[in-house]
Colleague: 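Submitted below is the structure of interest, expressed as structure tokens.
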Amino acid sequence: MRLRHLDLIRYGRFTDRQLHFGPGGGETDVTIVYGENEAGKSTAFSAWLDLLFGLPLQHPYDFVHARKDLLVGATLDTNEGPLTLRRTGQRQGSLTDENGRMMDERRLALLLHGLDRDGYRTRFSLDDEVLRQGGEEIARAKGDLGQLLHAGSSGLSGFADLLKQAEGEVAAFHKRRGRTTILAEGRNRLKELDEALSQARLDPRRFDALCREVESAEQAFHDATALRDDAKRRLALREAADCRRDLGGRIDEARTALEGCPEGPTLPADALTRVSVAVDAAARAEEAKAEAEAEIAKAERLLSDLAPDPEGIAVGEMLAELEAAEFDDGESLMARASLADADLGRRRLEWDTARAEGRRLAAALAGDGADPAEVVLPREVRNGIREAAQDVRETARSRDQAQNALDDASAELGEVEEMPEGAEVLADALDTLDALRDDPEAMARDLKEREAEARRTATGLPPGWRALTDAGLPTTAELREAERALKAVDDKISAAEERLHEAQEKLADSDTELEGERLAASVVTDDEIAATRVERERLWTSHRSALEPDTADAFEAAMRGDDDARGRHARSAEGRVRLARMEADRMAVAAGVERRHADVETARKKRIAPLEEAYRLATRLGLGASVGPSVFGERLDALKVALDDALSAEQAMEDLHAAQKVRSEAEDKVLHAAAEIAGDPPSGQDAVAAARRLRTALEERRTRIASRQESEKLVRGFETQRKTKEKAYADAVAAYEARVSGLWCAQMGVVTVLRISDDLAELAELHGKMRDLDRRVGLLEAARAAFDKRAGPLRDKLGVRQDTPVDETLRLARDRARKATETASRIEETRKTRDKAEKELGRQARAAERTAEEIATVFGGQVIDPGDDPLAALQRLLDRDRLRSGIAELEAERAKVAEGLDAAVLSEEEADTDPIRTATLREAVGEAEAEREESIGRRGEARQALSAALGTDGGVDQGQARAALLEELREAARRAAETQIGLMAASGALRRLREDRRGPMLDSAERAFARMTGGEWSRLEAQPAGSGERLVGIRDGQPVSAEAMSTGTRGQLYLALRVAGHADFTTRYGALPFVTDDILESFDDTRASAALSLTAEMGRTGQAIMFTHHRHLVDMALEVIPDLHVVELE
Amino acid sequence: MKFLHVADLHLDSPLRTQAARDSTMGDSLRAASRQVLSRLVDAAVAEGVDAVLFAGDTFDSDVADVAGRAALATELSRLARAGIPAVLIQGNHDALLDLDRYGPVSDALTVLTPAASTFRVGEASIHGMGFTAKTMAESLLPRYPRPEPGRWNIGLMHTSLDGTAGHDRYAPCALADLVDHGYEYWALGHIHKRAVHEAEGTLVVMPGIPQGRNIRETEGGSATLVEIDLQGVRAREVPLELLRFMRVPVDFSGVADQAGRDARLRTALEAVAGDDVMIAARLEAVGSPTELGDPRMMEAQAREAAEAVTGVFVDRVRLRPAARALDMEAADDLASLMLTDAATPGFRDEVQAQLEELRAALPTEIRDVLEDDRLDDLIAAGVETMALRLGTGSS
């Protein structure tokens, strides 16, 4: 099956694009699809695969047409004839004919011999990456022949790694004597689980055993407890007996001591306290009595020393009355009198001074002899006059100020002026002139510069260059294309010439080799033996007719020579074959030389058209016919720049003219307006300036006019103010006069009144002060008199004069009174102290009697020596009583020890005085305790064991873990077994592949490899390697293993194997298009050429399609591949 | 009246799945059979049944663990507190079990024997008997009491019925005979697959194993709630299982890449995920070799997809490359050669010899995986899987 044409109807960026792959049927069926990067080569290949196998759901080429709208078609040449198909974007039934009728996918499947997408792509396509991986595969496979042959025929790689990985997986699961394999570790884990299960499982027998163990331990505990209790009981009896024995001894001792104590009943319980307290109380009573007596004696002595003062008491009473007395104002008379004593003189002096000053002021104000009382003015009158006078003064001042302002404003009014007609017009015209931005002078300068620039850029151009530009310049693209076309054709010519040269050299080499072979090989050709045979026949004929010895000799020589030649001819068959081959090769090379010649001629012929185009372009650029396209661009640029500059200068000229015109019009308007105002139009160069000055003057006049109008407003305002102030002044004067009417100062002026107002205030103050002093002096004198009257008797009592100062009188009276009072109180206190001490004495005597009675009561019935110290006697009696109670306690304790005990046994123990018996019994108790502790421990362990057993859920978890582990191992074992079987099958298959295919595939690969390497590697051989074979290459007669070859050579070997595999497949199943994608990118020209030759080989048995973006490979392929079809993608 | 009928609890029999080793699911599956028993009692109490019927094989063996007995006793005591009696017969697995070794298991439990074959509750009479024999070649039906007039008669029997593949023949009995006996309801046990038969007003139910333990026990998972009244006898399933084994076919037709495979796997797993039950899935991947890709990658993707689906565990993954539509000369030589080689007797013998050592190294319990009668399947699977791994097709 082959691809005739591929229709990219709606696919990727293509719409209705058809790629033709030629009719086929030539010497080779090879198509090169050439296109720059991104031209759509990969798109085309993808479209081919989609046509064969359907569009994937996620499509990478649906960026222009949606996936559902994608459509690709093709016409295939099959054994049954052409077959046109379409592949749509439908999910179901996507394969149709050109009319849209659904077609059976099996048609294609049959043509593809059952290959799926991946299978076809790996077998029948090749790109640089696959080529590289293929080379690496050769290394990884270590040259294993089977793997390499399979790699070559299937296109797949990675076998070695996969097989190795599978072997690793099997070994990881299990290998003999393996300890860390999955199975070994699984078995170990199963053992652990079994152990745990047996521990955890609680079957009835084990449960019963644990229960029995617990019961036994309980019983042992009870027994041990009983033994311990018995031992304790015996020890307790023994210890009680020991104790009773000891108590009995102490009782006897106490009874013996009691015999030496005094007779008598037992003292009451509180005897000690009572006697002690009584003794202490008696001692204290005696002490208190002594103190009282001393106190009484002291008081008597004091009373005899103190003398009372009744007079002083009376003074005190009188003083008290005097202190309580009040003056008329309700205050204390005594305080007032004291103050009067101190203050009266000073006040009188103040009054005199004030009176003198008052008189002086009155004279100053109202003249000599004026009575201050008459001159004084009340405050409100005085203030009223002052305020009125101040008003008058203020209003006068305001009035004067207003008048001044009015006068000033009137003086500043200035002259009256008016604005002329046309002032506005002049101003507008000047504004318009000023608003013009263009400066003709600057523009003129710019114009000069541009003109100079235009002249400069036109330098070097032909005189009529403007005509060239007017006629239209060629585009840069045209120039570039012309240059490229000429260059391309020149390159082709060069390449063709070079190839011709190479071919010629090759022919020369071939001639040399052939000649050398002829000379060295001593080859006898058929012609030669025919010649020797003819010679022999001739000489035979000659001899037969002459029958001479010389003719015989000649014939013999010729016969020998002929025989020899025939012998050599027979021996040199191989040489002839070689020679024939060399001659054939030489002929092929010579034919190649002829072809190269033709190519050169063809290339030269193809140069004419681009050359003519170049001539035409040169003319359009004003260049000579001999100028090459390389300078076209420069000329074009120069022309463009010159044109730009010329146009720029022209434009500048136009702009300048326009600006000048506008400015002139504006100036005319200005001058006309100025003339309207001034009468005569300004002239001369400064006409416009004069017009400006006129405008300025008019502006100033306008300002003055406005200013005068403002000033007139101000004058009117000042006039109004002045009138107002005048009225205010008159009102103030009237008010003032009303105030002073009828007063002594009525005739005084406002200024004078204001001046004397302070003095008037001072006079009023002095007058007030004098009145106040009068009043106070009067009060002081009254107080003094009242005091003297009341204090007369007191002074008499004191024996001092009646004019004694108040304070002195009071001081003396107080002292006398105080002393008398103190003496009286001391006498009273002393008497009280004496009485109190006498009472205390009596009380303490009674207390002493009571203590004696108490002691007598406590000691009642006791035998005591009279005069015996009570405390000592008490101590003796207490000792006696203590002995008695001690004996009773001991007896009670002894009885208590025996409580609850067997009396008979106790009695026996008491009788047994064996010193070690107690220790022995104590030891027995210790042993019994230890035994019991041990039984507690055993009981705890047994309970713990049972509890643990019951707490494990009976091994459910372990059982489940075991079952899960077994499942895991089961699955892993199955997988390992399947993998092992798979390995065996794969190994066997590779072995058969090697055996079945090695012959034809090896030969095919050998030929391809030799051609690819230019004969450097002349042969491929299979050498034994273990249980299989490995592939080796022969270079210079030496074998080199495939994995030892260089990377590039391995790549070539892989390519050769793929070519062999392709041939093998085609032979067995039929041809399918083989697609390569830029696989020669990394090849040098020699290898690329060889690879192209291989492609040609493939193209002889089936269709081969090459994608490339290298132009030179296209050219090379045209050389190497006969009947090559080229498709160019834009 | 209402009854809850269960059989073949097989208490403490473990689950044969790797899911129990999963960190997430392992805890949930702990003591699975005891959890199922607890769920049974929960359902009985919730439904307020009149009795719970245990139709044999409550325990998995004759020597029940004390902990297992205690678990049963605990659950029965819950029934007792709820006032629900339990009626039990022994099956073939627990035929010899001394249930009352430690005294009565529960006041609420009645074990029916030939000597005491009827238990009466309300208006129902429950007849049954278990035998202390691990095999019973004859039908027990003739020894069952006649139906008691005026009462609902229920029969409790552990039987293989007419015989079912995969189950031992035990007290075989014809279905028609059961129907003819005259009871309203037959509560059977022994066969792990649920089945319901109705004829002439009699309902015969084999409830199936409430918790399947392996891939062959996928058709139980429940107890049966029975309602008997004047309208007749009705039965419905009460789901109890924690884990369900499922074969999950996954079609990879049209898949072009790993993302597509992942999507198909997730869709398939999400479709089988259940709200109340965990799933132990055995995936069977169907597609062309290209669509299936590398088997190890498929297995890894399947496990990863399961991790994203709550409650689903992938126990196993099998690849089933689709057969080609036409038996044409396949362009894939290596696969053809592998198949051809594998079909030869010499290959088979060599495989047998190779696997012998492996089989001997396996624990006894799992040696069956490499038995001779599975050799053909192993060979087919081995060749298929290796062909997929090598990237080749197969026919």
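In the text below, chain A, chain B and the rest are named by the order of the sequence lines, each starting its count at 1. The figures that follow rest on heavy atoms only: side chains count, while hydrogens, waters and symmetry mates do not.
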Colleague: Is it true that B:R16 and A:E967 have a side-chain N and a carboxylate O under 4.0 angstrom from each other?
Modeller: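 Judged by the 4.0 Å cut-off on N to carboxylate O distance, B:R16 and A:E967 do form a salt bridge.
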Colleague: Could you tell me which portion of A:R91 (side chain, backbone, both or neither) has an atom closer than 4.5 angstrom to a non-hydrogen atom of chain B?
Modeller: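 Neither; nothing under 4.5 Å.
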Colleague: Heavy-atom pairs under 4.5 Å with chain A - which of B:P363, B:A31, B:A67, B:A342 has more of them than the others?
Modeller: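 Most heavy-atom pairs under 4.5 Å with chain A: B:P363.
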Colleague: Spell out the residues in residues 970-978 of chain A that have some non-hydrogen atom less than 4.5 Å away from a non-hydrogen atom of chain B, in order of number; otherwise answer 'none'.
Modeller: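 A:R970, A:E971, A:A973, A:R974, A:R975, A:A977, A:E978, listed by number.
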Colleague: Against chain B, label A:L969 side chain, backbone, both or neither, depending on which of its atoms sit under 4.5 Å from a heavy atom there.
Modeller: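 For A:L969, backbone and side chain are both near chain B.
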Colleague: Is a donor from one side chain sitting under 3.5 angstrom from an acceptor on the other, for B:H10 and B:D94?
Modeller: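 Result is no, nothing qualifies.
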Colleague: What residues form a salt bridge (charged side-chain N to carboxylate O under 4.0 Å, His left out) with B:R348, not counting sequence neighbours?
Modeller: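 Residues passing salt bridge (charged side-chain N to carboxylate O under 4.0 Å, His left out) with B:R348: B:D376.
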Colleague: Quick one: which residue pairs count as a salt bridge (Lys or Arg N to Asp or Glu O under 4.0 Å) with a foot in residues 173-182 of chain A, not counting sequence neighbours?
Modeller: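 Salt bridge (Lys or Arg N to Asp or Glu O under 4.0 Å) check on residues 173-182 of chain A returns no pairs.
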Colleague: For A:L966, which atoms come within 4.5 Å of any heavy atom of chain B: side chain, backbone, both, or neither?
Modeller: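 It is both, since atoms from each part get that close.
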Colleague: So which of A:E105, A:R117, A:Q980, A:H174 has the biggest tally of heavy-atom pairs under 4.5 Å with chain B?
Modeller: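 Going by pairs under 4.5 Å, I would pick A:H174.
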Colleague: Does the distance from a Lys or Arg side-chain N to an Asp or Glu carboxylate O, for A:K164 and A:E167, drop under 4.0 Å?
Modeller: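 No, no charged N to carboxylate O under 4.0 Å.
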Colleague: Does any heavy atom of chain A fall under 4.5 Å from the side chain of B:R34, the backbone, both, or neither of them?
Modeller: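 Just the side chain, heavy atoms under 4.5 Å.
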Colleague: Among the options B:V383, B:V351, B:D12, pick out the one with the most heavy-atom pairs lying under 4.5 Å from chain A.
Modeller: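 Greatest number of close heavy-atom pairs with chain A: B:V351.
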Colleague: Determine the minimum heavy-atom distance between B:E291 and B:V255, stating which atoms define it.
Modeller: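 B:E291 and B:V255 have their closest heavy atoms at CG-O, 3.4 Å.
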Colleague: Is chain B contacted by the side chain of A:F173, its backbone, both, or neither, given a heavy-atom distance below 4.5 Å?
Modeller: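 Answer is side chain: those atoms of A:F173 sit under 4.5 Å from chain B.
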Colleague: Is it the backbone or the side chain of B:L362 that comes under 4.5 Å from a heavy atom of chain A, or both, or neither?
Modeller: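 For B:L362, backbone and side chain are both near chain A.
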Colleague: Heavy-atom pairs under 4.5 Å with chain A: which of B:A361, B:A71, B:A381 has the most?
Modeller: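 Between B:A361, B:A71, B:A381, the count favours B:A361.
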Colleague: Do any N or O atoms from the side chain of B:E217 and from the backbone of B:R213 form a donor-acceptor pair under 3.5 angstrom?
Modeller: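 Yes, the answer is positive, given that a donor and an acceptor are paired below the 3.5 Å cut-off.
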Colleague: Could you check which of B:L11, B:N214, B:D294, B:D341 has the highest count of heavy-atom pairs closer than 4.5 Å to chain A?
Modeller: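 Top option by heavy-atom pairs under 4.5 Å: B:D341.
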Colleague: Once side chain to side chain contact (heavy atoms under 4.5 Å, CB included) is applied, do any residues pair with A:R107, and if so which ones, sequence neighbours excluded?
Modeller: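 Applying side chain to side chain contact (heavy atoms under 4.5 Å, CB included) to A:R107 gives A:M103.
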Colleague: With a 6.0 Å cut-off (strictly less than), is the heavy-atom count around CZ of A:R67, excluding the residue itself, greater than 12?
Modeller: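 Enclosed: over 12 neighbouring heavy atoms sit under 6.0 Å from CZ of A:R67.
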Colleague: Please classify the contact between B:L355 and chain A as side chain, backbone, both or neither, with a heavy-atom cut-off of under 4.5 Å.
Modeller: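 Just the side chain, heavy atoms under 4.5 Å.
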Colleague: For B:E299, is it the side chain, the backbone, both, or neither that has a heavy atom closer than 4.5 Å to a heavy atom of chain A?
Modeller: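 Answer is side chain: those atoms of B:E299 sit under 4.5 Å from chain A.
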Colleague: Testing the basics here: between B:A302 and B:L283, what is the closest heavy-atom pair and its distance to 0.1 Å?
Modeller: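 So the two residues come closest at CB-CD1, 3.6 Å.
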Colleague: Check B:E356 with B:R359, please: is the shortest side-chain N to carboxylate O separation under 4.0 Å?
Modeller: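 Salt bridge flag = yes for B:E356 with B:R359.
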Colleague: Do you see a donor-acceptor pair shorter than 3.5 Å between the side chains of A:Q165 and B:R296?
Modeller: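 Per modelled atom types, A:Q165 and B:R296 side chains form a pair under 3.5 Å.
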